[in-house]
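What follows is a single structure, written as C-alpha cells, with notes after it.
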Amino acid sequence: MKKFLQLMCLSTLLTWSASSLALTESEAEDMADLTAVFVFLKNDCGYQNLPNGQIRRALVFFAQQNQWDLSNYETYNMKALGEDSYRDLSGIAIPTAKKCKALARDSLSLLAYVK
C-alpha cells in the first residue's frame, strides 16, 4: 500500500510538472502574433512567394529558441488568435509601406534559419 501511494504521488507530481511546461496563453498569443506578421507580409506587403512550409518551420524554430513546449498547441484556437492579431496589426495607424518595411526587417531574417 505504501508503494502504491508513493507511485500515485509521483505520477501526480509528474503530471502536474508536465502541464506546467506546456504552452501558456501568453506564448500562444505570441505565436499567433508572429503568424499574423507573416500573413500580413504575404497579403499586404507583396511577399506572396513566402513558402508556407518555411513559415511553419520558422514558427517552430521560434518556439524552440524560446524553449516553449508545443505539446498542447492544439488546445488553443490559433486561427482565432491569429485573426485577432492580424486585425490588430492591420489597424495600426502607420502607412502600410512603412509597416511592411519594419516587419520585413524584423521578421524575415527568421526564415533564413529554417531553409
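Put simply, the side chain of R105 never gets that close to the backbone of K101: no donor and acceptor are under 3.5 Å apart. Using modelled atom types, no side-chain atom of N72 and backbone atom of T75 make a donor-acceptor pair closer than 3.5 Å. In this structure a side-chain-to-backbone donor-acceptor pair under 3.5 Å is present from Y76 to L23. Judged by distance alone, the side chain of K99 and the main-chain N or O of S90 form a donor-acceptor pair under 3.5 Å. In this structure, D33 contributes its side chain and S85 its backbone to no donor-acceptor pair below 3.5 Å.
Here the options are N66, V60, L59, the test is side chain to side chain contact (heavy atoms under 4.5 Å, CB included), and the partner is F62; only N66 passes.
Counting all heavy atoms, side chain and backbone alike, C100 lies closest to L41 at O-CD2, 3.9 Å. Taking each heavy atom of L81 and E29 in turn, the nearest pair found is CD2-CG, 4.1 Å. In terms of heavy atoms, G82 sits closest to A36 at O-CB, 3.9 Å.
The line from CD1 of I92 to CZ of F40 is 8.0 Å long, rounded to the nearest 0.5 Å. The distance from atom CG of D30 to atom OG1 of T24, rounded to the nearest 0.5 Å, is 7.5 Å.
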### Task
Determine, step by step, whether K42 and F38 satisfy the side chain to side chain contact (heavy atoms under 4.5 Å, CB included) criterion, reporting the C-alpha distance in whole Å, the side-chain angles of both residues, the deciding distance to 0.1 Å, and the verdict.
CA-CA 6 Å; K42 284 186 82 155; F38 287 122; 5.7 Å; no

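Looking at L89 and L103, their side chains come closer than 4.5 Å, going by heavy atoms from C-beta outward.
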